[in-house]
Amino acid sequence: MISAVDVTRGDSPLVLGLPHTGTYVPAEVAAKLNARGRGLDDTDWHIDRLYEGLLPDVTSVRAVFHRYVIDANRDPSGVSLYPGQNTTTLVPLTDFDGHPIWDQEPDAAEIDSRCREFHAPYHRALEAELARVKAIHGFAILYDCHSIRSTIPFLFEGVLPDFNTGTNMGRTCDPALEEIVVSACTRAKNYRSVVNGRFKGGWTTRHYGRPDEGLHAIQMELAQSTYLTREAAPWIYDQTKANRLREHLHTILTRLADWAPQTGGNT
């Protein structure tokens, strides 16, 4: 059986979460998806490649399975992240455009099974790595890596900014860490940015972000137009765009990792 999660360990205080880059779909699940669902369009395409090698000694925790199997960034109880707004559920029934993705929708028993087989192992691994890093430094910083198409009328109006920082209205991290990210994004020439806009941080950010306990969490949702040739299949990674974006991501990660010695991890 394929492992649900891929972990790379480092000793810096920073942990990268990658819940939506995986494309593995078990055969029995794929058989229940319709043609649209089998396209896996809502993947955070190439985000693992975009962040690879940006910072030495960093830990990463990556979900190998696709979000259509079960979404590792949703509350396992099924509670909505954005009550009253269009969003996708623990096991999405539609894609980001609101179109059905299943020929045979999973029932409650199957969703529970996927939680045990995929969602829970991912979060056990993420929790373990945050605890390990915190034991070294006295605190840990989770930086949750995401991307999405810049125009999706079903989910939001208009065009999404390039950098979308989420801290659940400042609740999930020390204010200085939010400022590090927001400042770097604001200064990035020819990019647009917002903090706690349409994306305020998913369940992962909200669940692990407990600054009073020395656990800090920030979500970064990037517009895919910043590093893909086109925001459509076959989802081609644009090296020139990506290299320019990686300079700013390197600045963000480096400054986050350097925060520890300067503050002593006090919250």
Side-chain angles (χ1 to χ4, degrees), residues 1-6 17-50 61-82 85-126 144-156 160 198-199 201-205 207 219 221-224 228 230-237:
M1 178 182 294
I2 190 169
S3 174
V5 58
D6 179 44
L18 298 154
H20 292 153
T21 66
T23 56
Y24 172 68
V25 179
E28 64 274 16
V29 175
K32 298 178 181 181
L33 287 165
N34 62 25
R36 192 177 191 95
R38 289 192 296 273
L40 307 182
D41 284 358
D42 298 332
T43 308
D44 289 11
W45 296 103
H46 307 297
I47 279 290
D48 46 347
R49 179 179 177 183
L50 187 68
V61 179
R62 187 178 77 87
V64 174
F65 55 93
H66 194 265
R67 67 189 303 159
Y68 289 171
V69 178
I70 197 161
D71 193 329
N73 198 33
R74 295 292 182 273
D75 189 329
S77 73
V79 173
S80 176
L81 292 171
Y82 298 100
Q85 298 183 53
N86 286 340
T87 186
T88 52
T89 49
L90 179 62
V91 172
L93 301 182
T94 71
D95 63 12
F96 288 164
D97 294 308
H99 300 300
I101 59 172
W102 299 96
D103 282 332
Q104 182 181 342
E105 294 181 358
D107 59 20
E110 186 172 355
I111 292 172
D112 286 344
S113 176
R114 294 186 200 179
C115 265
R116 293 191 299 271
E117 187 175 350
F118 298 102
H119 193 285
Y122 174 78
H123 284 284
R124 280 197 299 268
L126 187 56
D144 216 37
C145 310
H146 296 261
S147 74
I148 195 168
R149 284 179 287 139
S150 60
T151 305
I152 306 179
F154 181 71
L155 296 182
F156 50 82
L160 199 69
R198 172 60 178 83
F199 298 97
W203 184 77
T204 303
T205 306
H207 179 70
Q219 177 173 305
E221 189 89 48
L222 297 169
Q224 291 179 346
L228 296 182
R230 291 178 60 248
E231 295 180 319
W235 313 104
I236 297 172
Y237 187 84

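Numbering starts at 1 and runs along the sequence shown.
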Heavy-atom closest pair, residues [X] and [Y]:
X    : Y    : answer
P106 : V91  : CG-CG1, 3.6 Å
V25  : L40  : CG2-CD2, 4.0 Å
P92  : W102 : O-NE1, 2.6 Å
S147 : D44  : O-OD1, 2.9 Å
A72  : P19  : CB-CB, 4.0 Å
G202 : N73  : CA-ND2, 3.5 Å

(request) Taking atom CZ of R230 as the centre, report whether more than 12 heavy atoms of other residues, nucleotides or ligands fall under 6.0 Å from it. (result)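 No - once you tally the heavy atoms of other residues, nucleotides and ligands closer than 6.0 Å, there are 12 at most.
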(request) Under the side chain to side chain contact (heavy atoms under 4.5 Å, CB included) rule, collect the residues that match up with A63, sequence neighbours excluded. (result)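 Side chain to side chain contact (heavy atoms under 4.5 Å, CB included) list for A63, sorted by chain: F65, Y122.
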(request) Would you please name every residue forming a side chain to side chain contact (heavy atoms under 4.5 Å, CB included) with H207, sequence neighbours left out? (result)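 Partners of H207 under the side chain to side chain contact (heavy atoms under 4.5 Å, CB included) test: W203.
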(request) Go through the structure and list residues passing salt bridge (charged side-chain N to carboxylate O under 4.0 Å, His left out) with E105, not counting sequence neighbours. (result)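 Once residues adjacent in sequence are excluded, E105 has no partner under the salt bridge (charged side-chain N to carboxylate O under 4.0 Å, His left out) criterion.
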Working to the nearest 0.5 Å, report the span between [atom1] of [X] and [atom2] of [Y].
X    : Y    : atom1 : atom2 : answer
F199 : I148 : CZ    : CD1   : 3.5 Å
W235 : L228 : CH2   : CG    : 7.5 Å
H99  : T94  : NE2   : OG1   : 9.0 Å
E117 : I70  : CD    : CD1   : 10.0 Å
R74  : R67  : CZ    : CZ    : 5.5 Å
E221 : D144 : CD    : CG    : 9.5 Å

Once side chain to side chain donor-acceptor pair (under 3.5 Å) is applied, do any residues pair with [X], and if so which ones, sequence neighbours excluded?
X   : value
D97 : R149
D48 : none
D42 : Y68

(request) Return yes if some donor-acceptor pair links the side-chain N/O of S3 with the main-chain N/O of V5 below 3.5 Å, else return no. (result)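 Here the side-chain-to-backbone pair exists.
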(request) Would you check if the side chain of R62 reaches a backbone N or O of L18 as a donor-acceptor pair within less than 3.5 Å? (result)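 Flag not set: sc R62 to bb L18 has no pair under 3.5 Å.
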Could you tell me if the side chain of [Y] sits less than 4.5 Å from the side chain of [X], heavy atoms only?
X    : Y    : result
Y237 : L50  : yes
L222 : I47  : yes
T21  : C145 : no

(request) Measure up the H146 and H20 rings against each other and bin them: parallel (under 30°), tilted (30 to 60°), perpendicular (over 60°). (result)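 Because their plane-to-plane angle is over 60°, the rings of H146 and H20 count as perpendicular.
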(message) I'd like to know if E110 and R114 make a salt bridge, using a cut-off of under 4.0 Å between side-chain N and carboxylate O.
(response)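 Yes, E110 and R114 are salt-bridged.
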(request) Give a yes-or-no answer on whether the side chains of Q219 and T204 include a donor-acceptor pair shorter than 3.5 Å. (result)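 No donor-acceptor contact under 3.5 Å links the two side chains.
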